[in-house]
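Accompanying notes for the structure given below.
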Amino acid sequence: MQPDEAIDTGLLCIGSGPAGVAAAMAYREAGGTGRVLVVSDDEEPPYERPPLSKGLLRGEPPGTATPLHDARDYLAHGIELRLADPATALDPMSRTATLRSGAIVAYRACVLASGAGPVRPDVPGAHLPGTHVLRSLSDARALLRAAAGARAAIVIGSGFVGCEAAASLAMRGVAVTLISPEDAPQRSRLGPWAGVRISRWLSEAGVRLELGEKLASLEQRAADLRATTESGKVVTAQVVVLAAGISPRVDLARGAALALHEGRVAVDAHMRTSAPALFAVGDVAYAHNASAGRALAVEHWGDALRMGEVAGHMAAGHDDSWGDVPGFWSTIGDRTLKYAAWGDGWDDAQVTERADQSFAVRYSKQGDLVGVLSFGWDEQYDAASDEIQRAALASVGGAS
Ligand SMILES: Cc1cc2nc3c(=O)[nH]c(=O)nc-3n(C[C@H](O)[C@H](O)[C@H](O)COP(=O)(O)OP(=O)(O)OC[C@H]3O[C@@H](n4cnc5c(N)ncnc54)[C@H](O)[C@@H]3O)c2cc1C
């Protein structure tokens with residue numbers, strides 16, 4: 001450790017998730033000059049997060065995380081990774097960041113890609129040993145070790161990470177109970193029809209569902225953890241997965257007095273924050289979408305990559321903007337759902353199901369298509385994704 005180390009960069013990326021790494025790569029590919037440094041509090045070289053609740057948790061090969069890039073790619077692009085040395089302060093006035101090691105990094109441009117952290121529910125026992133969150137590779141490894149010796153697991157939360165983790169643990173032979181206040185998984189986001197369908201898939205994967213139940217407390221009882229719901233239901237297991245949502249990591253942004261909106265860093269469609277030469281991307285950003293004509297909070301892998309790319313291009317002096325329809329795929333058991341939507345509400349959902357149980361749900365708001373969910377029906381998904389963007393562009397004129 002060199003407390004007074006000073007580093008001069010063309011581009012500093014804070015965060016080694018998809019958004020930060022994509023920004024560094026895009027900056028180089030657009031001809032960006034100077035040193036490019038990606039700093040992270042993660043100790044692992046950048047890896048794919050989506051498999052942590054899917055293949056990795058199910059125990060599928062390769063049995064470890066998939067790297068985001070080969071080590072040679074970073075070398076070839078002239079990108080330096082500085083792991084386990086997070087930024088502790090950011091000063092847009094002097095255009096510097098301070099790292100935990102004490103190093104001061106000066107930047108010409110900086111991309112804040114600090115992502116989000118898992119939230120533990122505010123109930124007694126939420127921090128007991130045997131309770132797990134699932135965001136990082138080290139979280140996944142700890143969960144895998146615990147699951148290996150567990151007969152039963154409780155998953156709290158029916159968002160996509162909760163549903164995926166529940167199905168994956170059940171496929172390993174663990175007796176899983178999923179507890180959620182929703183009366184069907186994903187009902188608030190995807191509506192009752194999709195919620196019932198996901199419930200069925202979870203049940204088929206062997207997950208027992210306790211829906212419409214809010215966790216009240218967790219207690220240690222000998223080697224077991226006991227979950228009690230507000231209605232008095234009791235479930236016992238050796239492992240608890242808390243999949244109760246995430247919170248954007250905005251500490252640095254707050255310290256730097258950046259404009260925030262709804263707990264995220266406010267950026268325009270070019271990913272520019274309220275401070276010069278400072279961009280924010282991915283889960284931490286509340287970004288204006290040029291096609292939608294409004295800002296969106298998005299927590300998807302592909303959009304983190306794309307926002308990172310936009311910021312990298314902008315930092316290198318090339319114009320770019322985010323106008324894609326946000327979307328993600330989720331694999332629950334062995335079924336993959338595809339979802340593309342603006343994600344900020346709908347008032348009508350039309351379901352079309354085929355004899356082979358493939359389906360598409362088209363979500364509209366005031367008559368405009370704003371989202372699509374599909375299973376086994378890629379043509380519907382692709383066509384609807386295009387239609388969503390066209391409808392938005394027609395109504396806002398694509399203003400950015
Ligand atoms: C288990 C799981 C499964 C998922 N599956 C899917 C899926 O199937 N499809 C999908 O679209 N999305 C999925 N997601 C969501 C997706 O992974 C996120 O939307 C995406 O990772 C966001 O990327 P990001 O780069 O903005 O943030 P992150 O991936 O969270 O990366 C942020 C990085 O910043 C680092 N960091 C934070 N603070 C600092 C600091 N002060 N200094 C330095 N470094 C810092 C963090 O350690 C981390 O490396 C999944 C998420 C999880 C947890």
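Note that ligands are numbered from 1 as they come in the structure, with each ligand's atoms numbered from 1 the same way. Note that this is a predicted model, so its numbers are computed, not measured.
No donor-acceptor contact under 3.5 angstrom links the side chains of S138 and E44, judged on distance only. No side-chain N or O of E210 forms a donor-acceptor pair with one of T177 less than 3.5 Å apart. Checking R221 against T236 by side-chain atom types alone, no donor-acceptor pair falls below 3.5 Å. S158 and R187 share no side-chain donor-acceptor pair at under 3.5 Å. With 3.5 Å as the limit, one finds no donor-acceptor pair spanning the side chains of S364 and Q350. Remark: the S385 side chain and the D382 side chain contain no N/O donor-acceptor pair separated by less than 3.5 Å. Side-chain contact annotation: S358 with D356, donor-acceptor N/O pair under 3.5 Å present.
Look at S330 and you'll find every heavy atom at least 4.0 Å from all atoms of ligand 1. Taking a 4.0 Å cut-off on heavy atoms, V284 fails to register as neighbouring ligand 1. Taking a 4.0 Å cut-off on heavy atoms, K54 registers as neighbouring ligand 1.
Between F375 and F359, the two ring planes are tilted [angle within 30° to 60°]. Note on ring orientation: taking the six-membered ring where Trp is involved, the planes of W346 and Y363 are tilted (angle from 30° to 60°). Taking the six-membered ring where the residue is Trp, F328 and H300 present tilted rings, their angle falling between 30° and 60°.
Of the protein's non-hydrogen atoms, D41 OD1, 3.5 Å is the one closest to atom 36 (N) of ligand 1. Scanning the protein heavy atoms around atom 26 (O) of ligand 1, the nearest turns out to be D283 N, 2.9 Å. For atom 1 (C) of ligand 1, the nearest non-hydrogen atom of the protein is S53 OG, 3.6 Å. In this structure, atom 13 (C) of ligand 1 lies nearest to the protein heavy atom P50 CG, 4.1 Å. Atom 11 (O) of ligand 1 has W301 N, 2.8 Å as its closest protein atom, hydrogens excluded (heavy atom only). Closest to atom 52 (C) of ligand 1 among all protein heavy atoms lies V161 CG2, 3.9 Å. Distance from atom 27 (O) of ligand 1 to its nearest protein heavy atom, with residue and atom name: G115 CA, 3.2 Å. The nearest protein atom to atom 48 (C) of ligand 1, hydrogens excluded, is given as R49 NH2, 3.7 Å; this is a heavy-atom distance.
With hydrogens and angles ignored, the 3.5 Å screen pairs a side-chain donor or acceptor of H270 with a backbone N or O of D320.
Only the backbone of A113 comes within contact range of ligand 1, with a heavy atom under 4.0 Å; no side-chain atom does. Using a 4.0 Å cut-off between heavy atoms, P46 makes no contact with ligand 1 at all. Looking at R249 against ligand 1, only its side chain comes within 4.0 Å, counting heavy atoms. Contacts between W329 and ligand 1, counted as non-hydrogen atom pairs separated by less than 4.0 Å, involve the backbone only.
Here's the thing with S16: one of its N/O atoms is less than 3.5 angstrom from an N/O atom of ligand 1. Some N or O of A19 is nearer than 3.5 Å to an N or O of ligand 1, by distance alone. The N/O atoms of H300, backbone and side chain alike, include one that comes under 3.5 Å of an N/O atom in ligand 1.
Close approach of ligand 1 to P86 is summarised as follows: ligand atoms under 4.0 Å from at least one heavy atom of the residue are 40 (C), 42 (N), 43 (C). Per-residue contacts place I14 under 4.0 angstrom from the following atoms of ligand 1 (heavy atoms of the residue considered): 40 (C), 42 (N), 43 (C). Ligand-side atoms of ligand 1 in range of L252: 41 (N), range being under 4.0 angstrom from any heavy atom.
Identified under the salt bridge (charged side-chain N to carboxylate O under 4.0 Å, His left out) test for residues 321-333, with sequence neighbours left out: R306-D324. Among residues at least two apart or in separate chains, salt bridge (charged side-chain N to carboxylate O under 4.0 Å, His left out) pairs with a member in residues 268-291 are R135-D283, D268-R272.
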